[in-house]
Amino acid sequence: MDTLSINAKGISVSLDLAVGHIAALEIEADGRRLKPLHRAPWVGSPRATLPQKLPEGTVRLSGDFLCAPFSTSDVEAAPLHGWTANSEWDVVESSAIAGGWRAVFRLRRKVMGASVDKVFTLRDNHPFLYQEHIFSGGSGAISVAHHPMTAMQDGGRLAFSPKRLAVTPETPLEPDPARGRFRLAYPARATDLTRFPLAAGGTADLADYRMEDRREDFITLVEADHGGPGWTALARRAEQDLVLVLKNPAELPVTMLWFSNGGRDYAPWSGRHVGVLGIEDGRAAVGHAASLGDNWLKHEGVATAFALAEGRSVSFRHVIGAVPAADVEPPSGLEQATDRLRILAQNGSAKEIPFDGDFLRISRSVPA
């Protein structure tokens, strides 16, 4: 595998240059090595053993990657989630910076005529990967999303920054019972994330990831107006850690959750893709054409694409990390300062960890 690995004190990350997926993210803390990101069980299998028409991004599914567009490429021809998730990236720069390391990658292909750069920054003793993506030039508009995936051996509990709405699409990911299964109701919506409608009746707590619920489910959470960073925290029970994903809601106003727990019976999934959660922060509806056209998110006042233009660049930032945590409950809140992130526990205690509080550009203007 053609990868580039970079590291700073206490953290390392590797990028699979063939598809732009993070192959590994490892964080050292309290004498432990945390691995918050997932890698599909078939990665590395002989290509001949996998379905012939499988997109390269699914063949090498791992970690986190950039979707541009998110889901179906039905405006400009490309595989699922776009060329950013399915084709080669070049290393433009990889060098030490004060107190860390920085690497810049460029997609070999253009997206809607735009060049695309991926920037990784690691800082000494920060348990976070800081990412930025930059689109330069181009025309039209592009929907985008990060696609970090984590996996659990024994489930976990989720917590979120304030959300105002949770919505499932018109149809489930796996409507055919001969191919898979789902648990949530489609379509459905709720303002209370602890009481989302189920297909079989009743409600479920979206914050509760249970291993016994074999299913493929997809749901979009719309950020509320709260003035701080958007975040998702997952307390992984068996792993005894806390996975943290942060964003600027002005740039990425929705968080799409993908519950993938043995809910697909066909290859390469074959019921073995279990305990996986995608935490997909984006500026998108499902599909490129849907993102550019009239969609339910626009009716809610939510942007679903970035406009592209020659002589202009647009960018967005994202943070992924993890810390040790014996508590099976996720935090009650996160508070960022200039150089720290405070993790507020349910019992009222707080833990502070190193964090670049300026990185997400909270409260700064964002291009349309």
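Contacts of R47 classified as salt bridge (charged side-chain N to carboxylate O under 4.0 Å, His left out), with partners at least two apart in sequence or in another chain: none. When the salt bridge (charged side-chain N to carboxylate O under 4.0 Å, His left out) test is applied to K118, no partner is found at least two apart in sequence or on another chain. In this view, R214 satisfies the salt bridge (charged side-chain N to carboxylate O under 4.0 Å, His left out) rule with no residue, not counting sequence neighbours. Partners of K9 under the salt bridge (charged side-chain N to carboxylate O under 4.0 Å, His left out) rule, at least two apart in sequence or in another chain, do not exist in this structure. E239 pairs by the side chain to side chain donor-acceptor pair (under 3.5 Å) definition with nothing, not counting sequence neighbours.
Ring planes of F316 and F306: parallel class, angle under 30° (limits at 30 and 60°).
Each salt bridge (charged side-chain N to carboxylate O under 4.0 Å, His left out) pair with one or both residues in residues 268-279, not counting sequence neighbours, would appear here, but there are none. Screening residues 78-90 for salt bridge (charged side-chain N to carboxylate O under 4.0 Å, His left out) gives E88-R108, D90-R108 as the qualifying pairs, with residues at least two apart or on separate chains. Note on residues 325-349: no pairs pass ring pair (Phe, Tyr, Trp, His ring centres under 6.0 Å), not counting sequence neighbours.
Put simply, the side chain of R283 never gets that close to the backbone of S143: no donor and acceptor are under 3.5 Å apart. Of the possible polar contacts, one joining the N261 side chain to the D213 backbone as a donor-acceptor pair under 3.5 Å is found.
In the hydrophobic clustering, where aliphatic and aromatic side chains (Ile, Leu, Val, Met, Phe, Trp, Tyr) are joined below 4.5 Å either directly or transitively, V274 stands alone. As a member of the Ile/Leu/Val/Met/Phe/Trp/Tyr network built from side-chain separations under 4.5 Å, L244 groups with F128, Y130, W231, L242, L246, V319, V323, L334, L341, I343, I353, F355, F359, L360, I362.
The one candidate from D217, L173, L277 that meets the side-chain contact (heavy atoms from CB on, under 4.5 Å) condition with W258 is L173.
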Indicate every side-chain donor-acceptor pair of residues 187-196 with a distance under 3.5 Å to a residue at least two apart or in another chain.
unit_1 : atom_1 : unit_2 : atom_2 : d
R189   : NH1    : E300   : OE2    : 3.1
D192   : OD1    : T194   : N      : 3.0
D192   : OD1    : T194   : OG1    : 2.6
D192   : OD2    : T194   : OG1    : 3.3

Please tabulate, one pair per line, all N/O donor-acceptor pairs under 3.5 Å involving side-chain atoms of residues 288-295, not counting sequence neighbours.
unit_1 : atom_1 : unit_2 : atom_2 : d
H288   : NE2    : A141   : O      : 2.9
S291   : OG     : A285   : N      : 2.9
S291   : OG     : A285   : O      : 3.3
S291   : OG     : G287   : O      : 2.8
D294   : OD1    : H299   : NE2    : 2.7
D294   : OD2    : H299   : NE2    : 3.3
N295   : OD1    : L297   : N      : 3.0
N295   : OD1    : K298   : N      : 2.9
N295   : ND2    : A290   : O      : 2.9
N295   : ND2    : G293   : O      : 3.3
N295   : ND2    : T304   : OG1    : 3.3

